[in-house]
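Chain identifiers are assigned alphabetically (A, B, ...) following the order of the sequence lines, protein sequences preceding nucleic acid strands; residue numbering begins at 1 within each chain.
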Amino acid sequence: MELVNLLCAGWSGVVFLFLYLPIVLLVVYSFNASELSIIWGGFSFEWYEKLWNNGPLIDATKNSLIIAAVTTVLSVVLGTVGAWLLYRYKFPALRALGTLIFIPMVIPEVIMGVSMLILFTVVAVPLNAWLGTFTEAEFARGFATIIIAHTTFCFPFVLVAVQARLAGVDPFIEEAAMDLGAPPLKAFWLVMVPYLLPAIVSGALMSFTLSMDEVIVTFFVTGPESQTLPLKIFGLAKKGLDPSLNAVSAVFVLATAVLVVVSDRVRKLNR
Amino acid sequence: MQAALGAPDTTGTRRPGVIGWLMMTPMLLWLFAFVIAPTLILLVYSFCQRDDLGEVVYVFTWDNYRRIFFDSDTGAFGTTYLTVFVRSVVYAGLTTIICLIVGYPVAWFIGRAPESRRNLLLTLVMIPFWTSFLIRTYAWITILSTNGLLNGFLQYTKLIAEPFEMLYTPGAVVLGLVYSYLPFLILPVYGSVEKLDNSLVEAAFDLGAGPMRAFQKVILPLTQPGVIAGVLLVFIPAIGMFAISQLMGGGTDPTIGEVIQNQFMQARDWPFGAALGMTLVVLFAVAFWFTSRHQSVVEN
Amino acid sequence: MKTIRFVLALTLLAATALPSYGQAKKKSVLNLFCWSEYVPQEVIDGFAKETGIKVNVENYASNEEMLSKLLAGGSKYDLVQPSEYTVESLIKAEKLEPLTAENIPNLKNLDPKFAKMPHDPEGKYSVPWMAGTVGIVVNTAKVKTPITGYKDVFDGTHKRRIVVLNDSREIVSWALATLGIGPNDMTPENLDKAKPILSEWLPQVKVYDSDSPKTAFLNGDVDLGIVWSGEAAILWKKDKKFTYVLPAEGAHQFIDSLCVPKGAPNKENAEKFINYILKPEVSVLISKEFPYTNPNAEAVKLLKPEQRANPASYPSGDLKLETFKDIGKAAKDIDKVVTDLKGRKAR
């Protein structure tokens, strides 16, 4: 048993090396003096300076973070509640529903992007006519449409992860709490959520990652005010990826890594 | 497959009452508005024609589907696009198997780590993927290319005399796929490993079962829901991917994702792209339905 | 619980960011829909400063991406940036607004070679932005035999050392060029003639890449390639061993242009912008960022000698250049031929 765990730990070390190998490389190359990211031309802080002065790139990073955060919240709620209900109740045509959820996962991004674009365009006309009767606001492609599209392909990931966690659980476990007088929502919150938490965390991490990195669907549903980081980067690739893009990734990875480790330490100290 | 479908046949599940349906409404609405509606649009398009500019003309035709299965010149059975489908499934399948072998022990390690460190480790698995896909892939290109770091290292250590071709091969594509999808296997498997009762595992070992036997008889069955979820989350998205095979494979062996991408982004043939997409969805649904049915028969 | 509070805060932040869309409209604006990074930020800032017009930029990475969003409708773009064959099909489909020449006095700076080209015979709808060619890049350190045309690239001695654009129409037009057929004669008969040539050629290709074919050169994975002149110019700047050859059989010249789509809400601002970028001192800024052929004769005079010496940007000699015309539905046969041949391996 000990031996098996030790082997797994060693293997995990190797896998972490594999996962971080390109990341180490891009951090190193963010200090590259050459403007083409694939040739080493000496040490330089030039790209960090350029990044600092690149307003649109920083704005795009902010937009991406906002979109990913909202998408994650929506996906977690939809996915967790959906998985629970599908598990608890015997819905008619459940199998069809189960398959439907996978459609956003299986179809290539370009198709999803195009069909969402058409959908939003078709919907926009009557929706705006209706909105116009009582408000100045207007439905246009932008943050809202990107978040909708991202949530549509992210929430199945949460749903699948939570369903796996649910397997074998007594479907009426939270009724015990209800019998003790807790309202259904509170019972769900107190009994199910803590139990499902590991799967919810996994699902949230996957949603956030998918949303941060999505480019094709985003292209079709974005508006002029909602450029995201991946969109910017794909555009820049045409001109030659300059190391300021490595710099933005490096800053991002290091910042999150530090944040995660520090918050972990703080939590331990508080205990 | 049962777990993924929500275990419709488990005893104890029941028909939803008013509250059940009410709680289900948000997800149903979402599915109708943003999954079913776009899919229907796609279905309609797949039976339409295109004009010179590439705009869709609403005139019914079977042509788009005929083109997938039959050669347009000779009318004989054509394998052009079927080859592409098969290739995509092979890539996705290989990727899934490798991810499973590589990722399972990592999920095990994280799930058995002290409780306070699990979320930290999970986040560490994910952080590399918060960089841009394109930048990560270019980093791999820098590593694998002929003048790249790996060839340089191997030559420096005298392991090889001449640089050998790693980039722009099917192997490079699978490497890229495994790298990109590994976290989507580790995370759901972790969810199952985490709830595994330690005493059960230890009991298996105490009763004299070797590690292999304990794994086969106790651990695997108990973590099966997580494994199935992980396999789904890797295999399904991997079929439709296109950028990795293009960048790391050099685009010489097109996948279905690439071909569909081309219909929309180059040939301006939306109806044919839609037909390819619908075929993919239907093939997937049939396979899914078949395996899940097969599974429930075996289980019962 | 802390994480939940953090997420809630982020959600609120996002919600407050949403309504900002409607407010920008009251000021004088220009909605520019252009190739990613093709319009330098310096130019946009300069225009905004000079005119007080707020520029909203949205990007795309290919003509087809632009078309799909433009045709979907519902967007209010004032200025788009299509290539020549897309300009032609947009004119045919009556999706463009004619330009008012009086509002664009700087049109006089254009090289007459680039005015009134076949895709826009009267020059009524489009103004050239940058021009370029598709040609052959040779790594002369590795390839010692002279390369003059497509046939030399695919003569069989450079097997799996070749990168080409991942663009079916380009690829087929090269094969046609070796037969003396122009790139716009995409008839089924001509396509049949091209097939045997392509089945010889395509298995020799190692990489298909339209976005950054220079990567494969710089990494040493290929020695020859048929790529955009802009990519070739960057390679030449990096190392003079990468020479650019315009194929003897004839080459594709592309013209990226500026056009005003039908129903643009701010047509005058679009014309102001066109006029602004036609100023020689502004046009030079674009040349600095993108080593393509500048169609602005006055701007070319201001370029540094080494910029003009770049053979990929300003090729000399007797050239057989042809622009693409819209080929409509023939695109689907081309796609099938190329998809079919791609998977096959070199023997």
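- The heavy-atom pair separating B/Thr131 from A/Ser249 by the smallest distance is CG2-CB, 3.8 Å.
- Only the side chain of A/Leu25 comes within less than 4.5 Å of a heavy atom of chain B; its backbone N, CA, C and O stay farther away.
- With respect to chain B, the highest number of heavy-atom pairs below 4.5 Å among A/Leu166, A/Leu19, A/Ile107 belongs to A/Leu19.
- Only the side chain of B/Leu149 has a heavy atom closer than 4.5 Å to any heavy atom of chain A.
- A/Leu100 is not listed as a side-chain neighbour of B/Phe32, based on a closest heavy-atom distance of 4.5 Å or more.
- Here the shortest heavy-atom pairing between A/Ile216 and B/Phe242 reads CD1-CE2, 2.8 Å.
- Counting heavy-atom pairs closer than 4.5 Å to chain A, the top-ranked of the candidates B/Leu42, B/Ile41, B/Ile127, B/Leu40 is B/Ile127.
- Counting heavy atoms from C-beta outward, A/Tyr195 and B/Lys195 have side chains that approach closer than 4.5 Å.
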Before you tell me yes or no, could you show the steps for B/Val102 and A/Trp11 under side-chain contact (heavy atoms from CB on, under 4.5 Å), namely the whole-Å CA-CA distance, both residues' side-chain angles and the distance that decides it to 0.1 Å? CA-CA 8 Å; B/Val102 173; A/Trp11 177 249; 4.0 Å; yes
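- Using cut-offs of 30° and 60° for the angle between ring planes, the A/Phe155 and B/Trp30 rings count as perpendicular.
- The nearest pair of heavy atoms linking B/Ser192 to A/Ala164 is OG-O, 4.1 Å.
- Looking at B/Thr39, only its side chain comes within 4.5 Å of chain A, counting heavy atoms on both sides.
- Ranked by heavy-atom pairs shorter than 4.5 Å toward chain B, the options A/Leu229, A/Thr151, A/Val215 are led by A/Thr151.
- The two atoms that bring B/Ala229 and A/Val160 nearest to each other are CB-CG1, 3.4 Å, heavy atoms only.
- In this structure, A/Ile233 CD1 and B/Ile135 CD1 are separated by 4.0 Å, a value rounded to the nearest 0.5 Å.
- Interface remark: A/Phe120 contributes side-chain atoms only to the contact with chain B (heavy atom separation under 4.5 Å).
- For B/Phe34, the parts sitting under 4.5 Å from any heavy atom of chain A are the backbone and the side chain alike.
- The parts of B/Val125 that come within reach of chain A are both its backbone and its side chain, each placing non-hydrogen atoms under 4.5 angstrom from that chain.
- The choice from B/Met241, B/Arg117, B/Gln261, B/Arg118 that makes the most heavy-atom pairs within less than 4.5 Å of chain A is B/Gln261.
- Residues B/Leu233 and A/Met105 have side chains in contact (heavy-atom distance under 4.5 Å, counting atoms from C-beta outward).
- Taking OG of A/Ser202 as the reference point, atom CD of B/Glu194 lies at 9.0 Å (rounded to 0.5 Å).
- Residues A/Asn5 and B/Phe109 fail the side-chain proximity criterion, which asks for heavy atoms closer than 4.5 Å.
- The closest side-chain heavy-atom distance from A/Phe234 to B/Leu134 is below 4.5 Å.
- Proximity to chain B is limited to the side chain of A/Phe252, based on heavy atoms less than 4.5 angstrom apart.
- Contact record, B/Phe264 with A/Ile111: CE1-CG1, 3.6 Å, taken as the closest heavy-atom pair.
- For B/Ala243, no part sits under 4.5 Å from any heavy atom of chain A, backbone or side chain.
- Both the backbone and the side chain of A/Leu119 come within contact range of chain B, judged by heavy atoms closer than 4.5 Å.
- Contacts between A/Phe153 and chain B at a heavy-atom distance below 4.5 Å are absent for every atom of the residue.
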Given side-chain contact (heavy atoms from CB on, under 4.5 Å), test A/Tyr20 with B/Leu124 step by step and report yes or no. CA-CA 9 Å; A/Tyr20 278 85; B/Leu124 285 179; 3.8 Å; yes
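- Heavy atoms closer than 4.5 Å to chain B are found in the side chain of A/Leu210, but not in its backbone.
- Here the options are B/Leu232, B/Val35, B/Val281, the test is side-chain contact (heavy atoms from CB on, under 4.5 Å), and the partner is A/Phe102; only B/Leu232 passes.
- In terms of heavy-atom pairs under 4.5 angstrom with chain B, the leader among A/Val81, A/Val201, A/Ile148 is A/Ile148.
- Neither the backbone nor the side chain of B/Tyr104 comes within less than 4.5 Å of any heavy atom in chain A.
- In this structure, B/Met27 and A/Leu85 have side chains that are not in contact, with every pair of non-hydrogen atoms separated by 4.5 Å or more.
- Ring orientation note: the planes of A/Phe18 and B/Tyr179 are nearly perpendicular, at an angle over 60° on the 30°/60° scale.
- If you measure heavy-atom distances from B/Leu122 to chain A, the contacts under 4.5 Å come from both the backbone and the side chain.
- With a threshold of 4.5 angstrom between heavy atoms, B/Met278 does not approach chain A through any atom at all.
- Interface remark: of the candidates A/Ala199, A/Ala149, A/Pro108, A/Pro108 forms the most heavy-atom pairs closer than 4.5 Å to chain B.
- Ranked by heavy-atom pairs shorter than 4.5 Å toward chain B, the options A/Ile103, A/Val248, A/Val123, A/Val14 are led by A/Ile103.
- For A/Val106, the parts sitting under 4.5 Å from any heavy atom of chain B are the backbone and the side chain alike.
- A donor-acceptor pair is defined here as one N or O able to donate and one able to accept, closer than 3.5 Å; no such pair exists between the side chain of A/Asp213 and the backbone of B/Ser132.
- The heavy-atom pair separating A/Phe157 from B/Pro237 by the smallest distance is CZ-CG, 3.9 Å.
- Of all the listed residues (B/Thr123, B/Thr223, B/Ile256, B/Leu280), the one sharing the greatest number of non-hydrogen pairs under 4.5 Å with chain A is B/Thr123.
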List the steps and the verdict of side-chain contact (heavy atoms from CB on, under 4.5 Å) for A/Thr209 and B/Trp130. CA-CA 6 Å; A/Thr209 310; B/Trp130 295 357; 2.9 Å; yes
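- Taking the side chain as every heavy atom from C-beta outward, B/Tyr190 and A/Pro198 approach each other to under 4.5 Å.
- Of the two parts of B/Ile36, only the side chain, counted from C-beta on, holds a non-hydrogen atom closer than 4.5 Å to a non-hydrogen atom of chain A.
- Within the 4.5 Å cutoff, the side chain of A/Val15 has heavy atoms near those of the B/Leu182 side chain.
- Residue with the most contacts toward chain B among A/Pro156, A/Gly113, A/Ser115: A/Ser115 (heavy-atom pairs, distance under 4.5 Å).
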